[in-house]
Amino acid sequence: MKGLVGISITSEWGEPVDITSQKDIEAAERYIQFNLGWFANPIFNGDYPQVMKDCIGRKSSQESLDSSRLPTFTPQEKHFIKGTSDFFGLGHFTTRYITHKSYQYSKGPSYYTDQDLAELVDPQWPDPGSEWLYSVPWGFRRILNYIKSRYGNPRIYVTENGVSEKNQCTELCDKWRMQYMSNYVNEILKGD
């Protein structure tokens, strides 16, 4: 039958706020690993990202837990899951600037406080009307290149991408979407 089996992961790109700050660079990597790596690493590399294991393990210890809230794979599970995808499906919509921010245990355990970072947007980025969505095409190219280098140059299918329209229209008015799609497709074409 020659079919392919894969996974589609939705992830945004995280860019350090200050590219000269080691803490911001590490925070941006944590952001990507907690979003993309959480699912991609086990499938393409056989285990959760080390940074997730370290961060969640440390936070779990601060909570006086005997073990990490992040489950561990057995050696058999690692062997079984690694390489189980014939392609990498990606849903990507936007980008965030990332800076380091420490969260103490008093905030309570959560996916967000485990990351010790803050997400920011550039007010210059075009705002299509959705609270979370900004047009940042260069982030698309960066996440594609990251996947290529991090996961062994897998076949990548873009499974989700698009933008909302903030203008209320009574007839067809897709100029904004056309510009968004053109900018994002052009970034794909620039990929390594």
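- The backbone N or O of Gly162 sits nowhere less than 3.5 Å from a side-chain atom of Arg177 that would complete a donor-acceptor pair.
- In this structure, Tyr48 and Pro42 have side chains that are in contact, with non-hydrogen atoms separated by less than 4.5 Å.
- Here the straight-line distance linking atom OG1 of Thr10 with atom CG of Leu90 works out to 7.5 Å at 0.5 Å rounding.
- Note on Val136 and Ile188: same hydrophobic cluster, where clusters join Ile, Leu, Val, Met, Phe, Trp and Tyr whose side-chain heavy atoms are under 4.5 Å apart, directly or indirectly.
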Starting from the C-alpha separation in whole Å, work towards a yes-or-no answer on side-chain contact (heavy atoms from CB on, under 4.5 Å) for Ile43 and Ile81. CA-CA 6 Å; Ile43 292 170; Ile81 196 168; 4.1 Å; yes
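- For Glu29 and Tyr146, the side-chain atoms include at least one donor-acceptor pair closer than 3.5 Å.
- Residues Leu117 and Ile25 do not share a hydrophobic cluster, defined by chaining ILVMFWY side chains whose heavy atoms lie under 4.5 Å apart.
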Stepwise side-chain contact (heavy atoms from CB on, under 4.5 Å) check, Ile98 with Asp24: CA-CA 6 Å; Ile98 305 298; Asp24 282 1; over 6 Å; no
Cys55 and Phe34: side-chain contact (heavy atoms from CB on, under 4.5 Å), yes or no, with the steps? CA-CA 10 Å; Cys55 288; Phe34 269 76; 4.0 Å; yes
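- The NZ atom of Lys101 lies 14.5 Å from the OH atom of Tyr112; values are rounded to the nearest 0.5 Å.
- Ring pair Tyr97/Trp138 is tilted by interplanar angle, where 30° to 60° counts as tilted.
- Within a 6.0 Å sphere centred on NZ of Lys53, heavy atoms belonging to other residues, nucleotides or ligands number more than 12.
- For the pair Asn186 and Pro137, the minimum side-chain heavy-atom distance is 4.5 Å or more.
- A chain of hydrophobic side-chain contacts below 4.5 Å, direct or via other Ile, Leu, Val, Met, Phe, Trp or Tyr residues, connects Leu70 to Leu36.
- Screening residues 78-96 for side-chain hydrogen bond (donor to acceptor under 3.5 Å, both in side chains) gives Asp47-Lys78 as the qualifying pairs, with residues at least two apart or on separate chains.
- Using a 4.5 Å cut-off between side-chain heavy atoms of Ile, Leu, Val, Met, Phe, Trp and Tyr, Tyr157 falls into a hydrophobic cluster with Leu4, Phe87.
- Within the 3.5 Å criterion, the main-chain N or O of Arg30 finds no donor-acceptor partner in the side chain of Gln33.
- You'll find the ring centres of Trp13 and Tyr31 outside the 6.0 Å limit.
- Looking at residues two or more places apart in sequence or on another chain, you find a ring pair (Phe, Tyr, Trp, His ring centres under 6.0 Å) between Tyr151 and Phe44, Phe88.
- The distance from the CG atom of Asp114 to the CG atom of Asp54 is 12.0 Å, given to the nearest 0.5 Å.
- Other residues, nucleotides and ligands contribute over 12 non-hydrogen atoms within 6.0 Å of the CZ atom of Arg69.
- Here Ser135 contributes atom OG and Phe93 contributes atom CZ; the two are 13.0 Å apart, rounded to the nearest 0.5 Å.
- How far CD1 of Ile56 is from NZ of Lys59: 10.5 Å, rounded to the nearest 0.5 Å.
- Contact detail for Ser60 and Ser68: the closest heavy-atom pair is OG-CA, 3.5 Å.
- Taking the side chain as every heavy atom from C-beta outward, Asn35 and Tyr111 approach each other to under 4.5 Å.
- There is a path of hydrophobic side-chain contacts, each under 4.5 Å, that joins Phe140 to Trp132.
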Apply side-chain contact (heavy atoms from CB on, under 4.5 Å) to the pair Asp18 and Thr99, showing each step before the final yes or no. CA-CA 8 Å; Asp18 179 354; Thr99 189; over 6 Å; no
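- Rounding to the nearest 0.5 Å gives a distance of 9.0 Å between OG of Ser21 and NE2 of His100.
- When only modelled atom types and interatomic distance are considered, Asp116 and Ser102 share no side-chain donor-acceptor pair under 3.5 Å.
- Using a cut-off of 4.0 Å between Lys/Arg side-chain N and Asp/Glu carboxylate O, Lys190 and Glu187 are scored as salt-bridged.
- In plain terms, the two heavy atoms of Gly14 and Ala28 that are nearest each other are O-CB, 3.6 Å.
- Residues Phe80 and Phe39 do not share a hydrophobic cluster, clusters being chains of Ile/Leu/Val/Met/Phe/Trp/Tyr side chains in contact below 4.5 Å.
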